[in-house]
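Heads up, the thing below is written out as structure tokens.
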Number of protein chains: 2
Amino acid sequence: MTVTDSEPVPEQQDASRLRVVLGMVGDKWSLLVVCNLKEGPRRFSELKRTVDGISQRMLTVTVRNLERDGILTRTIHNVMPPHVSYALTPMGSTLCEATLPLLEWSAEHLALIDDARAEYDTRADTPPAGSVGNQLEI
Amino acid sequence: MTVTDSEPVPEQQDASRLRVVLGMVGDKWSLLVVCNLKEGPRRFSELKRTVDGISQRMLTVTVRNLERDGILTRTIHNVMPPHVSYALTPMGSTLCEATLPLLEWSAEHLALIDDARAEYDTRADTPPAGSVGNQLEI
DNA sequence: CGGTATCCAACTGGATACTG
DNA sequence: CAGTATCCAGTTGGATACCG
């Protein structure tokens, strides 16, 4: 009854899903942490060492969000000295697999992207009188 | 000769690639724009209408970056009134395909994510004396 | 060891007004 | 129509210091 009218068109469903994924892993660190757990559980300090450049604060925030989303589990080991380990859930593993094509794409296109940027910047740097700054079509 | 020492380990390669992809499409709008070009070229105003909630400024910024990265082309049609159309490059199309698994993953796990969040928030809201706030393991 | 708390700089992105 | 320019609020994230 709270449904107002027609069901959303496919494009809007895509958009909604994209927003969910990006909200989860679209930030600077989440996917890097997830990828570092691919091989197995890691402790907080291991992650901090492995995920290059991450601050303690951002690692804490990132793993908290991923735990909340059900991507990884946080386990406290009551030993001396105490430590905490993080591991992917099954859902986290499938997420990891789902990002693999994107990783491959990146590997294949890294050079082409650099080329495209260089070419674009060249065109942008020199916009003299007779030059063709943009594709034209009449 | 400029190479200092050993080749980077696979994990670091992954990380570097992830940073590239995230830098390109990890923002709020890029993937939404790309997905809206999947079916074919679109004009600026069409994109603005279709990509729900995007401001004129952000659409301009987003398509400029995607053009620079070689993901889409910008074509100016010299008619009255003048208009501009955007289309995916072959590289843009392959990027789009590479994100499909992530889209499917999102579709399959949306409900589970909501459940995980709800459960996490419930545990967080009520951390009374005898409760088990976190997984423990000795 | 694995956090939390606080502060602050930089960036993101929305609103609005103006332009060719 | 398709921008550009400006301003500004909100968020992200780094540095630092302290805590159980």
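Within every chain, numbering begins at 1; the chains are lettered A, B, ... in the order of the sequence lines, protein sequences first and strands thereafter.
For residues 39-48 of chain B, no pair satisfies side chain to side chain donor-acceptor pair (under 3.5 Å), with sequence neighbours left out. Under the salt bridge (Lys or Arg N to Asp or Glu O under 4.0 Å) criterion, the residue pairs touching residues 93-117 of chain A are A:R117-B:D69, with sequence neighbours excluded. Within the structure, every pair that satisfies the ring-ring contact (aromatic ring centres under 6.0 Å, His included) test and touches residues 89-118 of chain B, not counting sequence neighbours, is listed here: B:W105-B:H109.
Nucleotides of DNA chain D with any atom under 4.0 Å from a heavy atom of chain A span, from 5' to 3', D:dG13 to D:dA15.
Direction change of the helix axis from one end of the helix from C:dC1-D:dG20 to C:dG20-D:dC1 to the other is 50°, with five pairs defining each end axis (rounded to 10°).
Of the options B:L37, B:I54, B:L32, a side chain to side chain contact (heavy atoms under 4.5 Å, CB included) to B:L47 is made by B:L37 and by none of the others.
Every residue two or more places apart in sequence or in another chain that forms a side-chain contact (heavy atoms from CB on, under 4.5 Å) with A:S30 is listed here: A:V25, A:D27, A:T62, A:L66. Under the side-chain contact (heavy atoms from CB on, under 4.5 Å) criterion, A:N65 pairs with A:V61, sequence neighbours left out. With sequence neighbours left out, A:S85 forms a side-chain hydrogen bond (donor to acceptor under 3.5 Å, both in side chains) with A:H77. A:S93 is linked by a side-chain contact (heavy atoms from CB on, under 4.5 Å) to A:L88, counting only residues two or more places apart in sequence or in another chain. In terms of the side-chain contact (heavy atoms from CB on, under 4.5 Å) criterion, residue partners of A:A107 (sequence neighbours excluded) are, by chain and number, B:R17.
A heavy atom closer than 4.0 Å to some atom of DNA chain C occurs in B:K28, B:W29, these being the qualifying members of residues 28-36 of chain B.
Between B:V84 and B:R74, the closest side-chain pair of non-hydrogen atoms falls below 4.5 Å. Within the 4.5 Å cutoff, the side chain of B:L72 has no heavy atoms near those of the B:V34 side chain.
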What are the atom names and distances for every N/O pair under 3.5 Å that joins the protein to nucleotides 1-3 of chain C?
from  : atom 1 : to    : atom 2 : distance (Å)
C:dC1 : O3'    : A:R43 : NH2    : 3.2
C:dG2 : OP1    : A:R43 : NE     : 3.3
C:dG2 : OP1    : A:R43 : NH2    : 3.3
C:dG2 : OP1    : A:V84 : N      : 3.2
C:dG2 : OP2    : A:S45 : N      : 3.1
C:dG2 : OP2    : A:S45 : OG     : 2.7
C:dG3 : OP1    : A:R74 : NE     : 3.2
C:dG3 : OP1    : A:R74 : NH2    : 2.5
C:dG3 : OP2    : A:Y86 : OH     : 2.5
C:dG3 : N7     : A:Q56 : OE1    : 3.2
C:dG3 : N7     : A:Q56 : NE2    : 2.7

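Atom-to-atom, CZ of A:R57 to C1' of C:dC7 comes out at 10 Å; the value is rounded to the nearest Å.
Cluster membership for A:V51 and A:L103, using ILVMFWY side-chain heavy atoms within less than 4.5 angstrom, is shared.
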